[in-house]
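Reading through the structure tokens given below for one structure.
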Amino acid sequence: MEFAFTEEQAMIAETARGFFAENATSERTRKAMAADGIDRALWSSFCTELGLAGIGVPEELGGVGLGMVEFALIAEAAGAQVAALPLLGNARAAHALVAGGTDAQKAKWLPALVSGEVIAASAWSADAVVDGAKVSGTFRFAPHGAVADLLVLTAGDKCLLVEATAAGVTITPHVTMDQTRPLATITLDGAAAEPFADHAAANHALHVTGWIGLAAEALGGAQAALDRTVAYSKERVQFGRQIGSFQAYKHRLADMMIEIEQARSAVYWAACAVDEGSDEAQIALHSAKAFCADTFHMCAGNMIQLHGGIGFTWEHDAHIFFKRARSISSMLGDSQWHREQIATLVLDAAA
Amino acid sequence: MKLGFSAEDEAFRAECADWLQAQMAGPFADIRGIPNLCDEIPRRKEWEQQLAAHRWSCIGWPAAWGGRDATLAQQVIFAEEYARAGAPNRINHIGVELAGPTILAFGSEEQKARYLPGIAAGEQIWCQGYSEPGAGSDLANVKTKAILEDGQWVVNGQKVWTSLAHYSDMIFVVARTEEGSKGPKGLSFLLMDMDQPGIDVRPIRQMNGEAEFNETFLTDARCPANAMLGAAGEGWKVAMALLAFERGVSTLGQQMQFRNELDAVIAAAKANGKAADPVMRQRIAGAEIGLRLMRYGALRMLSGTDLAAIDGAALTYKIQWATWRRDLGELAMDVLGQEGELAHGHEYRWPTLPNLYLFSRSDTIYGGTNQIQRNQIAERGLGLPREPRGNA
């Protein structure tokens, strides 16, 4: 039984946790929230000094050459601070390229994605029209879409690369509830698009990376919501007692920990299953996305409630966690959808 | 980080699976899959002895005492294969998993020689005398007293919820040996023979109609002065160490049983059309997720070296599985509909799923209620202030 971190994995986790805790401060995140949702200085030091943006990209393609477990460790640490970074978008684009890009596409885009010079965003459309090398259609809810240079778009079963500056591309930013990952609508009107070499592999990589990334972010966020609320419960005194000594209060914290421990198992089960090519990977991915999103939402909601009035203010960070939890819940399939996928696997498979 | 077991461990799995399946298909087919702990007792004693004869009765123990010095991974694998083969719940679970490891940890060589062979051979069944009418969640509030008289401990008091006491040969009893002491101080851990006039066992009928546990009355019950584990007054330490043995190894085997139960719910939903109901599909998927996460939580708990991480998983495990199983019982009845409320014969006895529904109400109570679990998670896992104690 070796379902535990290796020394290297523990070290990566420690490094990432320390980096985000020190640098992705509330003050800096709030500055990014008031702007375009990216802390540029943080992004640059994450990519260049820490050099972890290409953690799941093979070494020969300029990455670190590790797997989804290590990627999850990074996403978890970033999620714990609700860091305002295009980490997920770049990882999804890079993994899609590794899995299904042409050699030329890999050579052109991977180094810039790993170094952070290029910011990527993804979105999908059910009814976009692909006419040779031209695409028309609307792609909604692209995270960090307004600041992206490279768009990785799923149109039906096709996967396409579109440059944001190409003719026929219009990107409309939206004021978005989660300001650390603002959404944009991408409208293409006969825009030039490059197809991937292997559409299915690219789309699969987009999903897998997205689901694991979101689940791991949710895990980190949920744990941080618990940690911060525990700290508050030991400081705040009412009726002459620390409020954390009241059973009604401590039982809610215990419930958070119970869910978080399961969420932790879910993230590392899914990441490991993908890395090992296990036949459990599909059910693990759906489990992780659904369970972790629900857990984070529950914990962030409790964080507000258990802080009382201060938890409802703009000044306190609770709302930043709560809004990130909401966006994770909706993004890339909500929990009902993921559970339905599991129901299909469990109930509808031929006996 | 890896999901599976090593090739050596998988070879061990094949070895024990072969043997267990052959037994359950052959000589012990008649007791295959018995869910409770109260039917077919004589045959199940024979089964314990068959396990012992092939050195499968206590594989985690040292070879010198009849075990195999099995690694943690091997013990987990055996527990999984045991459940997968449909072998009946161990009636000597308490002897093998609790009394034995505690005697190995705290017993003198003479005590080991006196008690361990009977357990290893499947000849002596043990039960546990912890809870009392006034000592449930507050386990340290034990009132049963033991006084040393003419080289024997003389014990008076009442134990309750003693599973399997009606056919056990031995009982370990936590008793107060220090007059006037309170709480965890002044308690001692005694090993007593059940076959004596001072011990009276009365079965308690449970809400599912069965009687697996008992009230055990001790009236001038006796054991030798040297039938004490640890020193006089150190009983609480021994009792708590024993509870720690309860966690871990058997969890993955228990999960095999949960798997069978969830599969039965899934089969019932497919058979009666509930599998097409969107709400039922959500709930069944939720149960599936919960079970899978339990497995990887247990693996995390058993394979880790990061003690803080293991503690987190271990502390939350009991409430997790108990709540999951209670919810599964409710799901089962919602899948079955009114059909589930009808017994199959003239007796008040229940098939697997309705029995699960009823029995699982005890899961969130025994071994520490969900509320006590939350207190412990909050206090030990999160470092929150302790619940204020009364003065009584």
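The model shown is predicted, which means the values in this text are computed figures rather than measured ones.
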Between Leu253(A) and Ser233(A), is a side-chain contact (heavy atoms from CB on, under 4.5 Å) present by the stated rule, with each step listed? CA-CA 10 Å; Leu253(A) 293 174; Ser233(A) 81; 4.1 Å; yes

When Gln282(B), Gln320(B), Met1(B), Arg292(B) are compared by non-hydrogen pairs under 4.5 Å with chain A, the top option: Met1(B)

Comparing Arg386(B), Glu379(B), Arg283(B) against chain A, the one with the most heavy-atom pairs below 4.5 Å turns out to be Glu379(B)

With a 4.5 Å cut-off on heavy-atom pairs, point out which of [options] contacts chain B the most.
options: Ala290(A), Ala254(A), Ser265(A), Ser287(A); answer: Ser265(A)
options: Thr6(A), Ile283(A), Asp227(A); answer: Ile283(A)
options: His338(A), Glu280(A), Met256(A); answer: Glu280(A)
options: Gln341(A), Gln242(A), Glu276(A); answer: Glu276(A)

Considering only heavy atoms, which portion of [X] lies under 4.5 Å from any heavy atom of chain B: side chain, backbone, both, or neither?
X: Gln9(A); result: side chain
X: Leu345(A); result: neither
X: Val69(A); result: side chain
X: Lys250(A); result: both
X: Ala273(A); result: both

Does Tyr357(B), at its OH atom, have more than 12 non-hydrogen atoms belonging to other residues, nucleotides or ligands within less than 6.0 Å? no

Test: Arg241(A) cationic atom under 6.0 Å from Phe246(A) six-membered ring centre, within 45° of axis: yes

Would you kindly check if the NZ (Lys) or CZ (Arg) of Arg68(B) is within the cone defined by 45 degrees around the ring axis of Trp56(B) and under 6.0 Å from the six-membered ring centre? yes

Can you say whether the rings of [X] and [Y] are parallel (under 30°), tilted (30 to 60°) or perpendicular (over 60°)?
X: Tyr82(B); Y: Phe78(B); answer: tilted
X: Tyr268(A); Y: Phe5(A); answer: perpendicular
X: Trp269(A); Y: Tyr296(B); answer: parallel

Which heavy atom of Lys274(B) sits nearest a heavy atom of Gly337(B), and at what distance? NZ-N, 4.3 Å

At a heavy-atom separation under 4.5 Å, does [X] approach chain A through its side chain, its backbone, both, or neither?
X: Leu3(B); result: both
X: Asn375(B); result: both
X: Ile284(B); result: side chain

Any side-chain donor near an acceptor of the partner, Asp294(A) and Ser329(A), under 3.5 Å: no

